[in-house]
Amino acid sequence: MTELSFEQSLARLEEIVRVLERSDLDLEQSLKLFEEGISHLRAAGSSLKAVDARVQQLVEAADGSFSVVDLGA
């Protein structure tokens with residue numbers, strides 16, 4: 001699978017969910033779409049983790065200085 005942006009992965013996930021919600025797919029088609037969906041979910045999750053790490057590294061204070069802020073706490 002070619003690497004997609006976060007937005008593209010999310011859009012494809014939404015499309016896969018819509019298709020899977022239909023009841024006219026056979027088991028093999030459903031399984032292939034599910035596997036593709038898992039791949040897009042992992043890619044989107046990795047993108048979010050990378051962005052979270054960047055936000056934690058640099059947060060600009062009002063005086064223009066930068067400090068490390070752990071947003072997970």
Side-chain angles (χ1 to χ4, degrees):
M1 177 175 64
T2 61
E3 189 166 329
L4 302 176
S5 70
F6 172 79
E7 292 80 7
Q8 291 169 321
S9 288
L10 189 59
R12 180 62 182 142
L13 273 169
E14 290 172 347
E15 182 181 344
I16 289 170
V17 168
R18 282 192 298 273
V19 172
L20 286 173
E21 287 177 337
R22 298 189 333 225
S23 60
D24 61 344
L25 295 176
D26 65 30
L27 182 60
E28 188 61 30
Q29 291 171 316
S30 296
L31 182 58
K32 284 184 181 191
L33 281 174
F34 180 78
E35 289 171 341
E36 182 187 347
I38 292 298
S39 177
H40 287 292
L41 182 63
R42 288 181 178 148
S46 292
S47 294
L48 287 176
K49 284 181 186 178
V51 168
D52 182 54
R54 288 174 59 194
V55 169
Q56 287 182 29
Q57 289 176 2
L58 291 176
V59 174
E60 186 175 2
D63 64 0
S65 65
F66 290 92
S67 61
V68 175
V69 177
D70 183 2
L71 299 177

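No hydrogens, no waters, no symmetry mates; every other heavy atom, side chains included, goes into these values.
- No donor-acceptor distance shorter than 3.5 angstrom exists from the side chain of Ser39 to the backbone of Glu35, with no hydrogens or angles considered.
- Side-chain heavy-atom separations under 4.5 angstrom define the hydrophobic clusters, and Leu31 shares its cluster with no other residue.
- Salt bridge present: Arg12 and Glu15 bring a charged side-chain N and a carboxylate O closer than 4.0 Å.
- Hydrophobic cluster membership of Phe6, counting Ile, Leu, Val, Met, Phe, Trp and Tyr whose side-chain heavy atoms lie under 4.5 Å apart directly or via other members: Leu10, Leu48.
- Ser47 contributes atom OG, which lies 10.5 Å from atom CD of Gln8 (distance to the nearest 0.5 angstrom).
- With sequence neighbours excluded, the residues that form a side chain to side chain contact (heavy atoms under 4.5 Å, CB included) with Asp26 are Glu28, Gln29.
- Atom NZ of Lys32 and atom CG of Leu27 lie 11.5 Å apart (nearest 0.5 Å).
- Residues satisfying the side chain to side chain contact (heavy atoms under 4.5 Å, CB included) criterion with Phe34, sequence neighbours excluded, are Ile38.
- Cluster partners of Ile16 are Val19, Leu20, Leu25, Leu33, counting Ile, Leu, Val, Met, Phe, Trp and Tyr whose side-chain heavy atoms approach within less than 4.5 Å, directly or via other members.
- Residues forming a side chain to side chain donor-acceptor pair (under 3.5 Å) with Glu14 (at least two apart in sequence, or on another chain): none.
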